[in-house]
2 protein chains.
Amino acid sequence: MADSRRRILEAARVVVAEQGYAAAQVAVVASVADVATGSVYRHFPSKASLFAEMLRAVCDRELAVVRAIADERDRPALERIGDAVATFADRALRGEGLAYAVIVEPMDPGVDQVRLAARARLAEVFGGLIEEGMAAGQLAAQDAGLRGAAVVGAMLEALVAPLSRRAAATATGGGAGYPGGRRPGTTTATPMDSDAGTPGGRRTGAAAPDREAITEEIAAFCRAAVGGFPAQKEDRK
Amino acid sequence: MADSRRRILEAARVVVAEQGYAAAQVAVVASVADVATGSVYRHFPSKASLFAEMLRAVCDRELAVVRAIADERDRPALERIGDAVATFADRALRGEGLAYAVIVEPMDPGVDQVRLAARARLAEVFGGLIEEGMAAGQLAAQDAGLRGAAVVGAMLEALVAPLSRRAAATATGGGAGYPGGRRPGTTTATPMDSDAGTPGGRRTGAAAPDREAITEEIAAFCRAAVGGFPAQKEDRK
DNA sequence: CTCCGGAATGAATCTCAGTTCATTAATGAA
DNA sequence: TTCATTAATGAACTGAGATTCATTCCGGAG
């Protein structure tokens, strides 16, 4: 049944989101998915491909959301950039799809390429937006590719601190070389609603007290970075 | 001899910088350092602690450079921010100390904490600079902590693309994650000239027609992000 | 010259997690 | 009901690589 496949993918996502990749052995994922260890290999050729596919799906969803905003051609580029950033951040902060681990925790090299690729695609989107803005005379001349990447980096790094509050340390007796062998009662926090709605998820109104503030601050940073300084001031926020 | 210790640390740095963490087995590092595998454990309690120490040293050096600029109290904060960013980026691009692998390649969890901590300290420096700027009335009100992190993220992410051009792929199975394990017998396949010389890192004199440009663009991005938009325009460029 | 103590050695050991596969259970057609 | 086909199972296997440790080596003291 192809339903097992879905369950395994979902289990992989949940385990990584809640426990970190280090804890995501095939056996653990299998047990969360309620299948036997060996069954995983009936659906995926290897552990790496399982996690790569999972990560790709998660990233694709977020990318789709951002792209949707980027494609609203009738709005000024700067505004779309701010909105896209804010939406991405907001979704990350409320755990819809992305999670601390998925953004910054390293998995193995094979899987990591997927994350890198996702970042690159995201950067492309922002780069494209910047180019549009320049073409429309709304933004000053700048290196769109580089700044697109910078926007992505700023956005993600700014999210790390807020997100890690929710994501306790992963640890794994591994690095014995260090005092304090972490393991503060395994996370298990996030309820992780079975699955976020469809990619359509836009920012919804009310939210946590500071979530809104964080989101807006990040967006403001990115808007200023790209259009704040030599551009014409016609676009006020 | 405490000299072995130094050599081992240096070897660890060289191997990671040139081959990536994936290739950095204890045996490889030992051979580069010209000591026996077991000798590594005479100086370090574990592989993780060796790499953690190495990474900490590298990061400390960069951090010191940035701090030195940040401490030039008589210059306007915004200027110092731009300078610090430019300097960090330039050093990274010419391989002085940092390298692609050190910035983005995942090591194991224990070691990664060191990288995370380094990023956090860097963010603090920028955050502090922003605060100074606000206190001096040079920068508009903003969340210094968050923006400090964003500056770091922007800077690092913008460096990834330029740096990865020089950073050979880490190999180790393709993204597809299919079987067919690489690694034919000897891991020591690579020649690995024992030189290592000074931390200078031999970089082909391909010059940097754009190194300067990249550096300046990143700095401009960060300056604009932090002070471009509502602040007084007294600081032009 | 011979004898210690500690450092270096590197092959052997141990661990651990991904992968395999012989076996069992389930489904459904004859 | 029975057989065939496919999915599921999970214990055993395997390989990679970190760690260990019995042994060798070396410099200096007696």
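The chains referred to below are lettered A, B, ... by the order of the sequence lines, with proteins before strands, and numbering in each begins at 1. Hydrogens, waters and symmetry mates play no part in the numbers below; they use all other heavy atoms, side chains included.
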query = Only one of B:T215, B:D210, B:I218 clears side-chain contact (heavy atoms from CB on, under 4.5 Å) with B:L93; which?
reply = B:T215

request  = Under the salt bridge (Lys or Arg N to Asp or Glu O under 4.0 Å) rule, collect the residues that match up with B:D143, sequence neighbours excluded.
outcome  = none

inquiry  = How many whole angstroms separate atom CG of A:D108 from atom P of D:dG15?
reply    = 19 Å

query = Under the side chain to side chain contact (heavy atoms under 4.5 Å, CB included) test, which residues partner B:R5, sequence neighbours left out?
reply = B:H43, B:F44, B:E53

task = Return the value, rounded to whole Å, for the distance between atom CD1 of B:I8 and atom P of C:dA7.
result = 13 Å

inquiry  = Going by the rule side chain to side chain contact (heavy atoms under 4.5 Å, CB included), which residues pair with A:V26 if we only count those two or more places apart in sequence or in a different chain?
reply    = A:T37, A:V40, A:Y41, A:K47

request  = Specify the separation, in whole Å, of atom OH of B:Y41 and atom P of D:dC21.
outcome  = 13 Å

message = Checking B:D112 now: which residues fulfil salt bridge (Lys or Arg N to Asp or Glu O under 4.0 Å) with it, not counting sequence neighbours?
response = B:R115

inquiry  = For the helix from C:dC1-D:dG30 to C:dA30-D:dT1, what angle separates the axis at the start from the axis at the finish, each from five pairs, in steps of 10°?
reply    = 30°

key: Nearest-Å distance for atom pair CG/P, residues A:L50 and C:dA17   = 17 Å

task = In whole angstrom, give the distance that lies between atom CE of A:M107 and atom C1' of C:dA17.
result = 17 Å

Going by atom type alone, with no hydrogens or angles, which donor-acceptor pairs under 3.5 Å involve a side-chain atom of residues 121-129 of chain B and a protein atom two or more places apart or on another chain?
| residue | atom | partner | partner atom | Å |
| --- | --- | --- | --- | --- |
| B:R121 | NH1 | B:D60 | OD1 | 2.9 |
| B:R121 | NH2 | B:D60 | OD1 | 3.2 |

Within the sub-3.5 Å range, which N or O atoms of nucleotides 4-9 of chain D have a protein N or O partner, and how far apart are they?
| residue | atom | partner | partner atom | Å |
| --- | --- | --- | --- | --- |
| D:dA8 | OP1 | A:S4 | OG | 3.2 |
| D:dA8 | N7 | A:R42 | NH2 | 3.2 |
| D:dT9 | OP2 | A:A36 | N | 2.7 |
| D:dT9 | OP2 | A:S39 | OG | 2.7 |

note = Rounded to whole Å, CD of A:Q25 lies from P of C:dG18 at a distance of 6 Å

ask   = Picking from C:dG18, D:dT19, D:dA18, which would you name as closest to the side chain of B:S46?
value = D:dT19

query = Residues in ring-ring contact (aromatic ring centres under 6.0 Å, His included) with A:F51, at least two apart?
reply = A:Y21

request  = Please report, rounded to the nearest Å, how far the P atom of D:dA16 is from the OH atom of B:Y21.
outcome  = 18 Å

query = Roughly, in whole Å, what's the span from NZ in A:K47 to C1' in C:dC16?
reply = 11 Å

query = Could A:D3 and A:R7 be called an ion pair, given the rule that one side-chain N must be under 4.0 Å from one carboxylate O?
reply = yes

query = Residues in salt bridge (Lys or Arg N to Asp or Glu O under 4.0 Å) with B:D83, at least two apart?
reply = B:R75

